[in-house]
Novice: 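Attaching a single structure in structure tokens format; questions to follow.
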Amino acid sequence: MRPDELHQLVTCRVVAAEQPEVREFLAREWPLADRRLFGADLDWTSRPVVIEARAGRELAGVALGEAVAGMARLHDLLVAEPRRGQGLGARLVGLFCERAAELGAARCFLRCPDTERHRRFYERNGFVPVARLPRYYHGHDFVEYLREPLVQEDREAR
């Protein structure tokens with residue numbers, strides 16, 4: 001079959017939701033693509049990294065993300081408004097990085113708004129900017145940060 005004939009037999013469409021067949025397809029095809037690129041079967045298991053801070057029973061802050069394929073991604077870092085400015089965010093980031101390292105990650109990435117406050121916080125906690133993402137969400141600029149090595153000397157006591 002010629003390439004132009006094959007193209008005519010394939011249809012593409014938008015669907016309302018992911019069907020189980022999509023996950024089955026990915027589970028079957030990704031190992032083949034990975035083997036071609038990386039040369040061996042690799043572990044792509046995503047392991048959750050969840051750090052919470054509590055004041056008694058009250059949740060005061062969280063750091064959520066994952067460790068996968070030797071890297072970590074910090075998806076969410078949030079401290080309750082009345083607890084901000086007391087070093088809790090830095091403690092959460094430090095514990096997140098330690099846990100991710102225990103799970104085999106050597107580096108951590110995150111994306112955050114491109115503001116002076118965010119820059120000061122993440123750079124003080126060992127992250128360096130690696131990419132600027134113009135108009136990333138809702139027209140606002142974001143920055144991609146990297147911390148490597150993942151585990152560093154504590155900058156603040158926990």
Side-chain angles (χ1 to χ4, degrees), residues 1-54 58-81 88-115 117-119 121-123 125-152:
M1 189 174 294
R2 294 189 337 246
D4 60 325
E5 291 175 320
L6 180 62
H7 179 72
Q8 292 173 3
L9 299 175
V10 176
T11 61
C12 299
R13 64 189 177 114
V14 175
V15 295
E18 181 183 301
Q19 300 298 315
E21 181 183 20
V22 170
R23 286 285 147 198
E24 293 165 7
F25 171 83
L26 294 172
R28 181 184 72 240
E29 293 296 326
W30 269 126
L32 300 173
D34 286 344
R35 197 170 302 120
R36 183 170 292 127
L37 181 62
F38 299 112
D41 289 331
L42 300 172
D43 181 6
W44 288 98
T45 304
S46 174
R47 293 171 179 84
V49 180
V50 181
I51 309 297
E52 60 179 40
R54 291 190 175 269
E58 177 188 340
L59 197 54
V62 296
L64 302 173
E66 65 181 323
V68 59
M71 59 82 67
R73 177 159 292 281
L74 177 60
H75 297 294
D76 296 291
L77 174 67
L78 189 59
V79 173
E81 188 71 37
L88 185 53
R91 290 171 57 197
L92 288 166
V93 167
L95 290 170
F96 178 91
C97 290
E98 284 179 20
R99 178 64 181 143
E102 290 170 2
L103 294 171
R107 66 195 53 78
C108 180
F109 291 92
L110 65 88
R111 289 182 188 144
C112 68
D114 187 10
T115 69
R117 189 180 106 235
H118 287 91
R119 277 192 296 278
F121 175 79
Y122 285 111
E123 290 174 19
N125 283 282
F127 288 84
V128 295
V130 293
R132 187 167 176 272
L133 307 166
R135 299 171 310 284
Y136 189 69
Y137 282 130
H138 301 292
H140 292 273
D141 295 346
F142 273 59
V143 177
E144 178 89 12
Y145 278 97
L146 165 66
R147 178 169 158 170
E148 183 178 42
L150 192 58
V151 177
Q152 301 174 341

Novice: Would you mind reporting whether L77 and V62 have side-chain heavy atoms less than 4.5 Å apart?
Specialist: no
Novice: Below 30° counts as parallel, above 60° as perpendicular, anything between as tilted: where do the rings of F127 and Y122 land?
Specialist: perpendicular
Novice: Test R107 against R147 for side chain to side chain contact (heavy atoms under 4.5 Å, CB included), laying out the working first.
Specialist: CA-CA 6 Å; R107 66 195 53 78; R147 178 169 158 170; over 6 Å; no
Novice: So do E123 and P129 actually touch side chain to side chain, heavy atoms under 4.5 Å?
Specialist: yes
Novice: Just wondering, more than 12 heavy atoms not from R36 lying within 6.0 Å of its CZ?
Specialist: no
Novice: Got Y145 and V128 here, is their nearest side-chain heavy-atom distance under 4.5 Å?
Specialist: no
Novice: Measuring only between side-chain heavy atoms, which start at C-beta, is R132 closer than 4.5 Å to E144?
Specialist: no
Novice: State the SG-CG distance between C97 and L150, to the nearest 0.5 angstrom.
Specialist: 4.5 Å
Novice: Looking at every heavy atom in both I51 and R99, which two are closest together, and how far apart are they?
Specialist: CD1-CB, 4.3 Å
Novice: Got P113 and H118 here, is their nearest side-chain heavy-atom distance under 4.5 Å?
Specialist: yes
Novice: Compare every heavy atom of A105 with every heavy atom of A67, then report the nearest pair and how far apart it is.
Specialist: CB-CB, 4.4 Å
Novice: Mind checking the CG-CG spacing from L92 to L64? Nearest 0.5 Å is all I need.
Specialist: 9.5 Å
Novice: So with a 6.0 Å cut-off around CZ of R23, is the heavy-atom count from everything else above 12?
Specialist: no
Novice: Nearest 0.5 Å, please: how far is OH in Y136 from CG in D114?
Specialist: 13.5 Å
Novice: Side chains of L110 and F96: closer than 4.5 Å at any heavy-atom pair?
Specialist: no
Novice: Look only at the side chain of D141 and the backbone of R135, and say whether a donor-acceptor pair between them is shorter than 3.5 Å.
Specialist: yes
Novice: Drop me the distance from E18's CD to L26's CG, to the nearest 0.5 angstrom.
Specialist: 7.0 Å
Novice: Do F142 and Y137 have side chains that get closer than 4.5 Å, going by heavy atoms?
Specialist: yes
Novice: Quick one: pull up SG in C112 and CZ in R117 and give me the separation to the nearest 0.5 Å.
Specialist: 9.5 Å
Novice: Is there side-chain contact between R111 and V143, with heavy atoms separated by less than 4.5 Å?
Specialist: no
Novice: With side chain to side chain contact (heavy atoms under 4.5 Å, CB included) as the criterion, how do L42 and W44 come out once you've worked through the C-alpha distance, each side chain's angles and the decisive distance to 0.1 Å?
Specialist: CA-CA 6 Å; L42 300 172; W44 288 98; 3.8 Å; yes
Novice: Heavy-atom count check: over 12 atoms from other residues, nucleotides or ligands less than 6.0 Å from E21 CD?
Specialist: no
Novice: Nearest 0.5 Å, please: how far is CG in N125 from CZ in R91?
Specialist: 12.5 Å
Novice: Between L103 and V49, is a side chain to side chain contact (heavy atoms under 4.5 Å, CB included) present by the stated rule, with each step listed?
Specialist: CA-CA 9 Å; L103 294 171; V49 180; 3.8 Å; yes
Novice: I'd like to know if the side chain of R47 reaches the main chain of T45, judged simply by a donor and an acceptor atom lying under 3.5 Å from each other, with no hydrogens or angles considered.
Specialist: yes
